[in-house]
Amino acid sequence: MVFDISIFPSHFPTTKTAIPKFPANPKTFILEKCKTTKDLNQVHASLIKTRLLHHPAAAEPLLEAAALLLPDSTIDYAFSIFRKLEHPDASAYNIMIRGFTKEQSPQKSILLFRQMIEQLVRPDPFTYSGILKAISKLGALKEGEQIHAHVLKSMEKFDRSEFVENSLVYMYASCGQLQSARKVFDEMSERSPVAWSSMFSGYVRCGYWLEVVGLFRKMRGMGIYFNETTLISVFKACGRLGDLELGEWIHEHAVANGLMKNDNLITSLVDMYAKCGRLETARRLFDSMPSKDVIAWSAMISGYSHSDQRREALAIFHEMQRANVKPNEVTMISVLSCCGVLGALETGKWVHSYIKRKKLKLTVNLSTALVDFYAKCGCVDIALELFHAAPSKSVWTWTALIQGLASNGRGETALEYFNLMVEENVEPNEVTFIGVLSACNHAGLVAQGCTYLARMSRDFGIEPKVEHFGCVVDMLGRAGLIEDAYSLITKMPLKPNAVIWRTLLASCRLHKKPEIAEEALKQVARLEPTHSGDYILLADAYASAGRLGDAAKVRDEMKKMGVEKKKSPGCSYIEVGGVVHEFLAEDKGHPEVYEAVHEVMERIKRGGYEPDTMRGRAEAVGEGDKEASVAHHSEKLAMAFGIIRTGEGTTVRVYKNLRMCSDCHNAAKVISSVYRREIVVRDRSRFHHFKDGSCSCHDFW
DNA sequence: ATAGGGTTAG
């Protein structure tokens, strides 16, 4: 390799004995030369050659460039320079401590800090703020408190402790110790906007949105000046709270004070408006940004995703790629979430390969998103593989896996993972228990489900919410224990909502319990009088018990009361060659696949097989005829599916957002064996994979 | 050379 040593002035002596002279400002001089890693290598070589490397004034700017400044900075390279220093001073340590934290190795920052103390190098305020940042990242409260003690002992020696105090506030907040953070904050002699921002970001970090808004109002009351940064935290809180009024008020304030020059502020506004459901406003602001960075794009994508406009979100993602903005880990989390909900397996797989190709960091959340995506698409084994390969896992990761296993019919495995999670001391949360209870539900583990419901508050200190009781009511109902389900609803310490009564109503239909169905309808009609589906459930419950007269009466009553039979629009997703087509009933926007879907619908209708009533019919015709009925039905579907022709090697995935009865799944099994291609049927909560006639969740059915 | 923006589950 050829080094261009001419970048150093030629009067620099290169002999061993000469004492080198520095340029007037060596730091500026060196930093100006180091714009890329290649420059850095050359400067490094020159410094070795000129024997200047051991001089802190020359080595430190080099360190700084390597550890912090260069866009492709590598901490390992910086550390190799650092190790060569004979007596690194505090600034050298500071650079390395900040460098390690920046490179996501805060634990190494702590080790280096220990080494610094051992070497009797006295920390300065910069050291403390640096190490406190590392500790914040780790959430290492004990270490943080030790540093706090250190700081208190040497406090008077620092002429400016404000930096350190801000970092202390931030550290306590990151460790979830909001009271300690607030105590340091309240005891500060002077509070700059930075201090306020630290406190705000602490509340933001812990999700204490109301406290953010409260503190902001207090700040305004005190007439304290706030800047763009302060507002960014407040906007985030407004978004999470859905407090559009305050958000709009601050927006106006920001406009009036000329703060809209700040792109980060605009990005946070985009996010705030999107989270408050004002997609058009968010989009207008987004479009107004002259240059949009990856974060702005990510905010817009997640905005659409959160407003149930996932196809639009993916469209924006494609636009982002056309604009040549490189997606990062966070972008991909939103994109994968969209793919999972849409069942866009091809797109999601592409995202996964992109992640591998570009070596995006498998952060906890990204791993979680991948696990969730594959599980939602029915690829449980890939989800499991990725779960085990995840470099770090959080309660979210575990929850996504448990949920994924449960919804794919692997309830027992889901519970095994829950136990493993507890063994590994990961605290489950409310959502984890939704997964656990739905695992019990799907696997028919009735006794276990009831035990877990009881253990929630007893062993884990989590009070069950209506949703948890709903899971158990559904489980008992499916198992035919309607009386138990009913008594659970009446005895639970929470007010039952319409959903829970409707769940009971549905199981009354399944198990021919018109008496309890009557009571359930009474309750559900009181809570949501206009929901037509409930009357139909009761009518069906009568019909299933042979009380056809009562069934007719309910339908009459429905008409008299003017409850319209509003069919919720059937919605299907079809992914062909990586493009997801979304259909509502009678949606003619996709001529190439519309015909096919329309055919499916029509054939089902002509065959008299309203999806909702198919189970009832199959049971009515009796066991022998059931076979015939399934065969008949399969043929219809097979014909319809056959219409969807794609090129060789393209997977056709048909998702029907309809309640599927087991006949449909049998049908899909037959079709897949006939057509020798993978067919995935998705209903609201489960994915069923059929490949060559075998169903991956066969046990469940 | 302190602080601040985007993300995850039923």
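Quick note on labels: first sequence line is chain A, next is B, and so on, each numbered from 1.
- Among the heavy atoms of the strands, none lies under 4.0 Å from Asp263(A).
- In this entry the distance linking CG of Asn94(A) with C1' of dA1(B) reads 8 Å, nearest Å.
- Put simply, CG on Leu370(A) is 18 Å from P on dT7(B), counting in whole angstrom units.
- Residue Ser233(A) is classed as having no contact, given no heavy-atom separation below 4.0 Å to the nucleic acid.
- The base of dG4(B) sits with one of its N or O atoms less than 3.5 Å from a complementary donor or acceptor on the side chain of Thr229(A).
- Between the base of dG10(B) and the side chain of Gln403(A) there is no donor-acceptor pair shorter than 3.5 Å.
- Closest to the side chain of Ala299(A), out of dT7(B), dG4(B), dG6(B), is dG6(B).
- Residue Asn328(A) places its side chain closer to dG6(B) than to any other of dG6(B), dA3(B), dG10(B).
- Phe387(A) and Tyr417(A) have perpendicular rings, their planes meeting at more than 60° on a 0 to 90° scale where under 30° would count as parallel.
- Taking atom CE of Met199(A) as the reference point, atom C1' of dT2(B) lies 17 Å away to the nearest angstrom.
- When distances run from any side-chain atom of Ile434(A) to the nucleotides dG6(B), dA3(B), dG10(B), the shortest one goes to dG10(B).
- Rounded to an integer number of Å, the gap from Leu168(A) CG to dT2(B) P is 16 Å.
- Contact annotation: side chain of Asp293(A) to base of dG5(B), donor-acceptor pair present below 3.5 Å.
- Atom pair Phe185(A):CZ and dT2(B):P shows a separation of 20 Å (rounding to whole Å applied).
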For this session: Would you check, one step at a time, whether the test salt bridge (charged side-chain N to carboxylate O under 4.0 Å, His left out) holds for Arg182(A) with Glu211(A)?
Result: CA-CA 11 Å; Arg182(A) 188 61 186 261; Glu211(A) 280 78 358; over 6 Å; no
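- Heavy atoms of Asn365(A) sit under 4.0 angstrom from at least one base atom.
- Closest to the side chain of Val330(A), from the set dA3(B), dT8(B), dT7(B), is dT7(B).
- For the residue pair Thr267(A) / Asn264(A), no side-chain donor-acceptor distance below 3.5 Å is found, with atom types taken as modelled.
- Listed nucleotides dG10(B), dG5(B), dG4(B) differ in distance to Lys376(A); the shortest reach to its side chain belongs to dG10(B).
- For the residue pair Asn365(A) and Thr368(A), no side-chain donor N or O sits within less than 3.5 Å of a side-chain acceptor on the partner.
- A perpendicular orientation is assigned to the rings of Trp196(A) and Phe185(A), their planes being inclined by more than 60° (bins at 30° and 60°).
- A straight line from CG of Leu259(A) to C1' of dG4(B) spans 14 Å, rounded to a whole angstrom.
- Between the CG atom of Leu68(A) and the P atom of dA1(B) there is a distance of 10 Å, given to the nearest Å.
- Under 3.5 Å, the side chain of Asn227(A) and the base of dG4(B) form no donor-acceptor pair of N or O atoms.
- Here Thr399(A) lies out of heavy-atom contact (under 4.0 Å) with every strand.
- In this structure, the nucleotide among dG5(B), dT8(B), dG6(B) sitting nearest to the side chain of Ser298(A) is dG6(B).
- Residue Ser268(A) is classed as having no contact, given no heavy-atom separation below 4.0 Å to the nucleic acid.
- Neither OP1 nor OP2 of dG10(B) sits under 4.0 Å from any side-chain N or O of Ser438(A).
- Using a 4.0 Å heavy-atom criterion, one finds that Phe126(A) contacts the bases of the nucleic acid, with or without backbone contacts as well.
- Side-chain contact between Tyr93(A) and Phe82(A) is present, with heavy atoms from C-beta onward closer than 4.5 Å.
- Taking only side-chain atoms of Phe163(A), from C-beta outward, the nucleotide of dT7(B), dT2(B), dA3(B) with the closest atom is dT2(B).
- One can place CE of Met320(A) at 10 Å from C1' of dG6(B), the figure rounded to the nearest angstrom.
- Phosphate proximity of dG4(B) to Lys236(A): absent, as no side-chain N or O sits under 4.0 Å from OP1 or OP2.
- Side-chain nitrogen and oxygen atoms of Arg205(A) include none within less than 4.0 Å of the OP1 or OP2 phosphate oxygen of dG5(B).
- Not one side-chain nitrogen or oxygen of Lys275(A) sits closer than 4.0 Å to the OP1 or OP2 atom of dG6(B).
- Ring-plane geometry between His468(A) and Phe433(A) is classed as perpendicular, the angle between the planes exceeding 60 degrees on a 0 to 90 degree scale with a lower cut at 30.
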